[in-house]
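The structure under discussion is supplied below as structure tokens; questions concerning it will follow.
All of these numbers come straight from a predicted model, not from anything done at the bench. Each residue takes its place number in the sequence, starting with 1.
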Amino acid sequence: MGLLEGKTALVFGLANKNSIAWGVTQAFHREGATLGVSYAGEILKRRVDPLAESVGCDFVEECDVSKDEDIAAVVEKAAERFGKIDILVHSIGFANRDELKGPFYNTSREGFHLAMDISVYSFVALARAFQPLMNPGGAMLTMTYHGSTKVIPNYNVMGVAKAALEASTRYLASDLGPQGVRVNAISAGPIRTLAAAGVGGFKSLYKLFAEMSPMRENVTIEDVANTAVFLGSNLSARTTGEVLYVDSGYSIMGVPNVSEK
Ligand code: NAD
Ligand code: 0WE
């Protein structure tokens, strides 16, 4: 029997087959969950529709999380279709490309606001909007990165946004705990997704990761997805407000393994 049998999950942030959200969707399907997916805009529909179809998911909704009316519309449709839901996955982040290079102090006011709105506030807004639909024993999940607590060159305003996202996870966990809903974050190592494409220095960062992490291996969307299964399932019944690292141990290292060189 699947670990998510009898549970309904909504996954936000599907863009293409490389998306962490797609890994999560596939793993949830494998574990027997009933699924709904959401994507950002019209242009992604062409990619997302066939992916959803391949896992027998016919709840596929467009939702730009910067628009309150879009969020309200998905809530209404989800209530109509599923009644209650058990798992909500937030796998969304965005900053303007020009904020992800050069000194952090060059972050514009507008760029700061945008990154915080799409990457942080959207999780708070989704949590509020879906809270009335959540079954007790339910779980909410978001995706974060080590740049929240340590400086990763060029990650800049996204690092600040991830710090706020992790703090939001704790506040939401405190709010929703009494109704039996858990809220956790997964901190994934670097993965080649759309959100990593064209990021200056990503390639060397990716390579360094495999060399420096205790397990000497990069992280896949399947690795992240299996942890999402755990955090969405009853196996993690008493874990909430946590940031769980899926990073081959990278973040525990103080210096690289110089003895190997
Ligand atoms: P991705 O590009 O596949 O996913 C990012 C998603 O955010 C896309 O589907 C995009 O459409 C969506 N999005 C952007 N603006 C939106 C909006 N206004 N409304 C709705 N959706 C919007 O890349 P990914 O790597 O799968 O990213 C998913 C999450 O994982 C992000 O929060 C990212 O920060 C986080 N993360 C990624 C990595 C990595 O190395 N790839 C590592 C750790 C954490
Ligand atoms: O969270 C992320 C992705 C963040 C991201 C990336 C982009 C690139 C394209 C947010 N917005 C945009 N906007 C774009 O226009 N990661 C953890 C992956 C990532 O992004 C980096 C990294 C790593 C790792 C950016 C700079 C340095 C390292």
Let me confirm one number: the CD1-CD distance from Ile43 to Glu62, rounded to the nearest 0.5 Å.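 Here the interatomic distance stands at 9.0 Å.
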Just by distance, do the side chain of Ser248 and the backbone of Glu217 share a donor-acceptor pair under 3.5 Å?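 Side chain of Ser248 to backbone of Glu217: a pair is present.
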For the CD1 atom of Ile191 and the CG atom of Asn218, what is their distance to the nearest 0.5 Å?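 The CD1 atom of Ile191 sits 9.0 Å away from the CG atom of Asn218.
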Is the backbone N or O of Lys84 less than 3.5 Å from a side-chain atom of Asn135, with the two atoms forming a donor-acceptor pair by type?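 Checked: no pair found.
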Between Thr193 and Ser19, is there a donor-acceptor pair closer than 3.5 Å when you use the side chain of the first and the backbone of the second?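 A pair under 3.5 Å: no.
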Would a hydrophobic clustering, with Ile, Leu, Val, Met, Phe, Trp and Tyr connected at side-chain separations under 4.5 Å, put Ile87 with Ile71?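 Different clusters: Ile87 never reaches Ile71 through Ile, Leu, Val, Met, Phe, Trp or Tyr contacts under 4.5 Å.
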Using the rule side-chain contact (heavy atoms from CB on, under 4.5 Å), only one of Val246, Val89, Ile92 pairs with Met143; which is it?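 Among Val246, Val89, Ile92, the one that satisfies the side-chain contact (heavy atoms from CB on, under 4.5 Å) with Met143 is Val89.
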Rounded at 0.5 Å granularity, tell me how far CG in Leu208 sits from OH in Tyr206.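 Taking CG in Leu208 and OH in Tyr206, the distance rounds to 13.0 Å.
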Hey, are Ser108 and Glu110 close enough side-chain-wise for a donor-acceptor pair under 3.5 Å?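 No.
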Take atom CD of Glu53 as the centre, draw a 6.0 Å sphere, and report whether it contains more than 12 heavy atoms from other residues, nucleotides or ligands.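 No, CD of Glu53 has 12 or fewer neighbouring heavy atoms, counting only those of other groups under 6.0 Å.
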Straight-line distance of Asp49 CG to Leu51 CG, nearest 0.5 Å: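 Reported value, rounded in 0.5 Å steps: 9.0 Å.
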Test log, rule side-chain contact (heavy atoms from CB on, under 4.5 Å), inputs Asn226 and Arg30: CA-CA 10 Å; Asn226 285 328; Arg30 181 192 76 211; 2.7 Å; yes
Shared hydrophobic cluster for Val60 and Leu126 (ILVMFWY, side-chain gaps under 4.5 Å):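 Hydrophobic grouping puts Val60 apart from Leu126.
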Distance check, rounded to the nearest 0.5 Å: Leu88 atom CG versus Thr142 atom OG1?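 Separation between the atoms: 9.5 Å.
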Does Val229 share a hydrophobic cluster with Val181, counting links as ILVMFWY side-chain heavy atoms below 4.5 Å and allowing steps through other members?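 Hydrophobic grouping puts Val229 apart from Val181.
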Any donor-acceptor pair under 3.5 Å from Asn184 side chain to Glu242 backbone: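 Between the backbone of Glu242 and the side chain of Asn184 there is a qualifying donor-acceptor contact (under 3.5 Å).
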Pair Lys45-Tyr39, side-chain contact (heavy atoms from CB on, under 4.5 Å): steps then yes or no: CA-CA 7 Å; Lys45 187 174 164 58; Tyr39 60 96; 3.5 Å; yes
Hey, quick one: are Leu231 and Tyr245 part of the same hydrophobic cluster, counting side-chain heavy atoms closer than 4.5 Å, chains of contacts allowed?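 No; tracing contacts between hydrophobic side chains, which count when under 4.5 Å, never links both residues.
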Specify the closest pair of heavy atoms between Ile221 and Asn18, including all atoms of both residues, with the distance to one decimal.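 Nearest pair, atom of Ile221 first, then Asn18: CG2-O, 3.4 Å.
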Spacing of CG belonging to Asp86 relative to CE belonging to Met140, to within rounding of 0.5 Å: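 Nearest 0.5 Å value for the CG-CE distance: 11.0 Å.
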Can you confirm whether more than 12 heavy atoms, excluding those of Arg47, are under 6.0 Å from its CZ atom?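 Count not over threshold, so no.
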How about Phe104: does its CZ atom have over 12 heavy atoms from other parts shown lying under 6.0 Å from it?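 More than 12 within 6.0 Å, yes.
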I'd like to check Ser119 versus Met158 (side-chain heavy atoms, cut-off strictly below 4.5 Å). Are they in contact?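 Answer yes - side chains close enough.
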Grouping I, L, V, M, F, W and Y whenever their side-chain heavy atoms are under 4.5 Å apart, do Ile118 and Leu10 come out in a common cluster?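 Both belong to a single hydrophobic cluster.
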Any donor-acceptor pair under 3.5 Å from Glu31 side chain to Leu3 backbone: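 Side chain of Glu31 to backbone of Leu3, a donor-acceptor pair under 3.5 Å: yes, one is there.
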Hey, is Arg128 close enough to Asp175 for a salt bridge, meaning N to O under 4.0 Å?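 Judged by the 4.0 Å cut-off on N to carboxylate O distance, Arg128 and Asp175 do not form a salt bridge.
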Within a radius of less than 6.0 Å around CE of Met253, do more than 12 heavy atoms belonging to other residues, nucleotides or ligands occur?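 Atom CE in Met253 is packed in, count exceeds 12.
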Other residues, nucleotides and ligands only: do more than 12 of their heavy atoms fall within 6.0 Å of CD on Glu76?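 No - once you tally the heavy atoms of other residues, nucleotides and ligands closer than 6.0 Å, there are 12 at most.
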Should Lys77 and Phe59 be marked as a side-chain contact (heavy atoms from CB on, under 4.5 Å) after you check the CA-CA gap, both sets of side-chain angles, and the distance that decides it? CA-CA 9 Å; Lys77 284 176 179 155; Phe59 187 92; 4.0 Å; yes
May I ask you to decide if Gly2's main-chain N or O and Glu5's side chain share a donor-acceptor pair within less than 3.5 Å?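 Yes.
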Looking at Arg182 and Thr239, would you say the former's side chain and the latter's main chain have a donor-acceptor pair under 3.5 Å?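 Between the backbone of Thr239 and the side chain of Arg182 there is a qualifying donor-acceptor contact (under 3.5 Å).
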